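Numbers for residues simply follow the sequence, beginning at 1. Both backbone and side-chain heavy atoms feed into the values below; hydrogens, waters and symmetry mates do not. From a predicted model like this one, the values you see are computed outputs, not experimental measurements.
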Amino acid sequence: PPHNSVLEEACAIMATEYMHDIQVRDIAGRCGVRPDSLCRLFRANVHMSPREYLANIRLKQALALLKTGYSVTHVARQTGFASIHYFSRAFARKFGMSPTRYASEAHTLGGQ
């Protein structure tokens, strides 16, 4: 069905372009649907908004980058967050600790 191909295309765009300033309206336009239609499609099938889905991609990538020793500032920029403060808040909400603390603990555990 067309909805599945739209969803797959939107997810593929987010997976490959998460580091850029990408907006739901841009993704929807590239998929040939309206932004509100894309939001409904995500809510019905993925149980979150496209924006939440994109944030999850960014945060998972941030986790991987922090494990490798990159600075929090570098990771925030590389994963498409417009502000270090927003990145830190989103990271703490998702993982229960600040990115600085996570990086420190990952480094300590990796060094043992």
Side-chain angles (χ1 to χ4, degrees):
H3 288 302
N4 288 340
S5 63
V6 168
L7 190 61
E8 287 175 14
E9 184 177 1
C11 290
I13 290 167
M14 287 187 236
T16 58
E17 299 182 27
Y18 66 87
M19 71 292 294
H20 302 294
D21 181 20
I22 185 166
Q23 303 296 319
V24 172
R25 71 177 175 273
D26 301 326
I27 297 166
R30 289 171 61 183
C31 295
V33 297
R34 294 186 353 215
D36 59 330
S37 297
L38 185 64
C39 290
R40 279 194 300 277
L41 186 60
F42 263 81
R43 290 248 182 242
N45 293 282
V46 187
H47 309 293
M48 64 179 70
S49 71
R51 192 176 200 166
E52 290 169 314
Y53 185 85
L54 179 59
N56 280 334
I57 291 172
R58 288 175 169 164
L59 289 168
K60 287 178 185 176
Q61 184 63 26
L63 206 61
L65 290 172
L66 288 169
K67 283 182 184 177
T68 63
Y70 286 105
S71 74
V72 172
T73 302
H74 177 81
V75 170
R77 286 187 193 131
Q78 287 297 113
T79 54
F81 285 92
S83 127
I84 183 112
H85 301 291
Y86 176 70
F87 167 65
S88 294
R89 284 193 308 271
F91 190 96
R93 269 194 311 272
K94 175 88 174 163
F95 300 114
M97 68 176 71
S98 73
T100 303
R101 180 172 161 211
Y102 177 82
S104 174
E105 290 184 9
H107 179 72
T108 301
L109 291 174
Q112 290 181 350

Undergrad: Working to the nearest 0.5 Å, report the span between CG of L7 and OH of Y53.
TA: 7.5 Å
Undergrad: Backbone N or O of T100 within a donor-acceptor pair of the S104 side chain at under 3.5 Å?
TA: no
Undergrad: State the CZ-CG distance between F91 and L63, to the nearest 0.5 angstrom.
TA: 5.0 Å
Undergrad: Extract all donor-acceptor atom pairs below 3.5 Å that involve side chains of residues 22-30 and protein atoms in other chains or at least two apart in sequence.
TA:
residue, atom, partner, partner atom, Å
Q23, NE2, D21, OD1, 2.7
D26, OD2, Q23, N, 3.4
R30, NH1, E17, OE1, 2.9
R30, NH1, E17, OE2, 3.3
R30, NH2, E17, OE2, 2.8

Undergrad: Which value, rounded to the nearest 0.5 Å, describes the distance between F95 atom CZ and R101 atom CZ?
TA: 14.0 Å
Undergrad: So, taking the atom named OG1 in T79 and the one named CG in L54, what distance separates them when rounded to the nearest 0.5 Å?
TA: 10.0 Å
Undergrad: Is a donor on one side and an acceptor on the other found under 3.5 Å between the side chain of T68 and the backbone of L65?
TA: yes
Undergrad: Kindly indicate whether the side chain of M97, heavy atoms from C-beta on, has any atom under 4.5 Å from the side chain of E105.
TA: yes
Undergrad: Once rounded to the nearest 0.5 Å, what's the spacing between atom CE of M48 and atom SG of C39?
TA: 13.0 Å
Undergrad: Would you please name every residue forming a ring-ring contact (aromatic ring centres under 6.0 Å, His included) with Y18, sequence neighbours left out?
TA: none
Undergrad: Name all pairs fulfilling the salt bridge (Lys or Arg N to Asp or Glu O under 4.0 Å) condition that reach into residues 62-87, sequence neighbours left out, sorted by first residue then second.
TA: none
Undergrad: Does atom NE2 of H85 have more than 12 heavy-atom neighbours from other groups under 6.0 Å away?
TA: no
Undergrad: Which pair of heavy atoms, one from A10 and one from C31, lies closest together, and at what distance?
TA: N-SG, 3.6 Å
Undergrad: Is V72 reachable from Y86 through a run of hydrophobic residues whose side-chain heavy atoms are each under 4.5 Å from the next?
TA: yes
Undergrad: If two hydrophobic side chains count as joined below 4.5 Å and joins carry through other members, does F42 share a cluster with V33?
TA: yes
Undergrad: Rounded to the nearest 0.5 Å, how far does CG of N45 lie from CD of E8?
TA: 10.5 Å
Undergrad: Between the side chains of K94 and E52, is the shortest nitrogen-to-carboxylate-oxygen separation below 4.0 Å, so that they form an ion pair?
TA: no
Undergrad: Is there a path from V75 to M14 through hydrophobic residues (I, L, V, M, F, W, Y) whose side chains come within less than 4.5 Å of each other?
TA: no
Undergrad: Is it the case that one hydrophobic cluster holds both L38 and I57, taking links as side-chain heavy atoms less than 4.5 Å apart, direct or via other members?
TA: yes
Undergrad: Just say parallel, tilted or perpendicular for the rings of Y70 and H74, cut-offs at 30° and 60°.
TA: parallel
